[in-house]
2 protein chains.
Amino acid sequence: MVSSSTIRTNLTENAALDSQHLPALDLETRSTQDDHQALRLWLRMLSCTVRIQNEIRDRLRREFATTLPRFDLMAQLERHPAGLRMNELSRRLMVSGGNVTGITDQLEHERLVTRTLDPEDRRALTVKLTASGLKRFREMAAQNEQWTVELLQGLNREEKQTMLDLLSKLKMHLGQREHTSSVSSSRRRR
Amino acid sequence: MVSSSTIRTNLTENAALDSQHLPALDLETRSTQDDHQALRLWLRMLSCTVRIQNEIRDRLRREFATTLPRFDLMAQLERHPAGLRMNELSRRLMVSGGNVTGITDQLEHERLVTRTLDPEDRRALTVKLTASGLKRFREMAAQNEQWTVELLQGLNREEKQTMLDLLSKLKMHLGQREHTSSVSSSRRRR
DNA sequence: ACTAAATAATTTAGGTGTCAACTAATTGAT
DNA sequence: ATCAATTAGTTGACACCTAAATTATTTAGT
């Protein structure tokens, strides 16, 4: 559901010390320990993601003269042959509407997608892949899949599955927090 | 070691189906299965990272009127009170040198860092936090740590540790691949 | 010593990203 | 039926980010 975006976050990891089992700790130190654990996990996650993303960005540029945002937008359209509206793309790619406008402009100019007026709702547009857009995307997608396999080789099948499961859990909780936080934050601000 | 950056990558996850144990599969289908597994893992990782990053970016903007790249650069400087040179910052933040120039410009203008000439090497500059920069950073860092604890609440202590370990392993392999790939890619291209 | 190669930092051009302000169309409460 | 509020999309201003070119300095091979 996310889309190609530039990850930007604080990465300040401190290698080494991956304490395997933490035996009973003084309860007072526990919360600070947990804090550091969360921060370290976040930084390491970000670090890995940025590395992989930078590598894939480079390869897309060198091999296909394109960019990640374009690729991601096309990926969404490939899964939805009937086309998607701008706001749907924005939601799925997790970027702002203005951003989607810009990327769609590029792709339209390259004749890889089309914008068509929605007869149901004259405010809306439907974006679709063109035939050549689809063809181009499939070439890139095949390569992209191989690249991710290569880049994630460091983990074996079981490890990948474990991580996938943990990330699912995390994602679910992030999704839940979404509403409560937007309510509380808008309340906070007015 | 990474720094705040904008993650940009293809996210196209398909919710559901987190098959827990995969019993003996037809060997022929195995490789494709693995491919999809790697791709799904990558997309889910990206999805989670982008969400967390977006949330932290928003909070930094609202509460401190700053940005992630600025925060990340300051975080590096806080760990190195003697200061860092531009190329070191670039390496640690995993962004281009030109980018570091721009962010440093901003922070210097806000009087949060200083650039001083390195007497040892007249090409080089040393960037340091100012007193007010350090004060400001510590306020933000405390909040930032609380935010990450909150955002990663979805995983318990053991789960966070597992994920940290898996990411360490992944990161190590990514680091190893670095050389071989840069060699092979430069060889490929000329 | 001299000069070619390497290194540190900046600049430039262009894509990506945000937010906030805007236009146009639709919805919905009276 | 009307008109305020909402929704879809675009635009503008500005920050970030990269790759490639540029300047200035240092290093190293002869």
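From a predicted model like this one, the values you see are computed outputs, not experimental measurements. Naming convention: chains lettered A, B, ... in sequence-line order (proteins, then strands); numbering from 1 in each chain.
- For residues 101-142 of chain A, the set of pairs meeting the ring-ring contact (aromatic ring centres under 6.0 Å, His included) definition, not counting sequence neighbours, comprises A:Phe71-A:Phe137.
- The separation between B:Arg85 atom CZ and D:dT25 atom C1' is 12 Å, rounded to whole Å.
- Rounded to whole Å, the distance from CZ on A:Arg91 to P on D:dA8 is 11 Å.
- The side-chain contact (heavy atoms from CB on, under 4.5 Å) search around A:Thr66 returns A:Leu60, A:Phe64, A:Arg70, A:Met140, not counting sequence neighbours.
- You'll find the side chain of B:Leu125 stays beyond 4.5 Å of the side chain of B:Thr116, heavy atoms only.
- For B:Arg61, the side-chain atoms get nearest to C:dC19 when compared with the rest of C:dC19, D:dA15, D:dA8.
- For DNA chain D, no neighbouring residue in residues 132-140 of chain A is found when judged by any heavy atom under 4.0 Å.
- At a non-hydrogen distance threshold of 4.0 Å, A:Arg115, A:Arg123, A:Ala124, A:Leu125 from residues 111-130 of chain A come into contact with DNA chain D.
- Atom CG in A:Leu89 sits roughly 19 Å away from atom P in D:dT7 (whole-Å rounding).
- Atom pair B:Leu107:CG and D:dA15:P shows a separation of 12 Å (rounding to whole Å applied).
- Put simply, A:Asn87 has no side-chain N or O that comes within less than 4.0 Å of OP1 or OP2 on D:dT7.
- Within the structure, salt bridge (Lys or Arg N to Asp or Glu O under 4.0 Å) pairs that include any residue of residues 122-133 of chain A comprise A:Asp121-A:Arg123 (at least two apart or interchain).
- B:Asp58 comes within contact range of the sugar-phosphate backbone alone, with a heavy-atom separation under 4.0 Å but no base atom that close.
- Within the 4.0 angstrom heavy-atom criterion, base atoms lie near B:Gly97.
- Distance CD1 (A:Ile56) to C1' (D:dT18): 17 Å, rounded to an integer number of Å.
- Proximity of a side-chain donor or acceptor of A:Lys171 to a complementary backbone N or O of B:Cys48 within less than 3.5 Å is not detected.
- Taking atom CG of residue B:Asn99 and atom P of nucleotide C:dT12, one finds them 16 Å apart after rounding to whole Å.
- Partners of A:Glu88 under the side-chain contact (heavy atoms from CB on, under 4.5 Å) rule, at least two apart in sequence or in another chain, are A:Leu84, A:Arg91, A:Arg92.
- Looking at heavy-atom distances under 4.0 Å, A:Gly102 makes no contact with the nucleic acid at all.
- Every residue two or more places apart in sequence or in another chain that forms a side-chain contact (heavy atoms from CB on, under 4.5 Å) with A:Val127 is listed here: A:Leu77, A:Met86, A:Leu89, A:Thr104, A:Val113, A:Arg115.
- Under 4.0 Å is where a charged nitrogen must lie from a carboxylate oxygen, and between A:Arg51 and A:Glu55 no such pair does.
- For A:Ser132, the side-chain contact (heavy atoms from CB on, under 4.5 Å) partners are A:Leu112, A:Thr130, not counting sequence neighbours.
- Picking from C:dG15, D:dA19, C:dT10 the nucleotide with the shortest atom distance to the side chain of B:Met86 gives C:dT10.
- The CE atom of A:Met94 sits 14 Å away from the C1' atom of C:dT18 (whole-angstrom rounding).
- Evaluation of the salt bridge (charged side-chain N to carboxylate O under 4.0 Å, His left out) rule for A:Glu78 yields A:Arg138 as partners, not counting sequence neighbours.
- Rounded to whole angstrom, the span from the NE2 atom of A:His109 across to the C1' atom of C:dG15 amounts to 14 Å.
- Between B:Thr67 and D:dA15 there is no side-chain polar atom (N or O) within less than 4.0 angstrom of OP1 or OP2.
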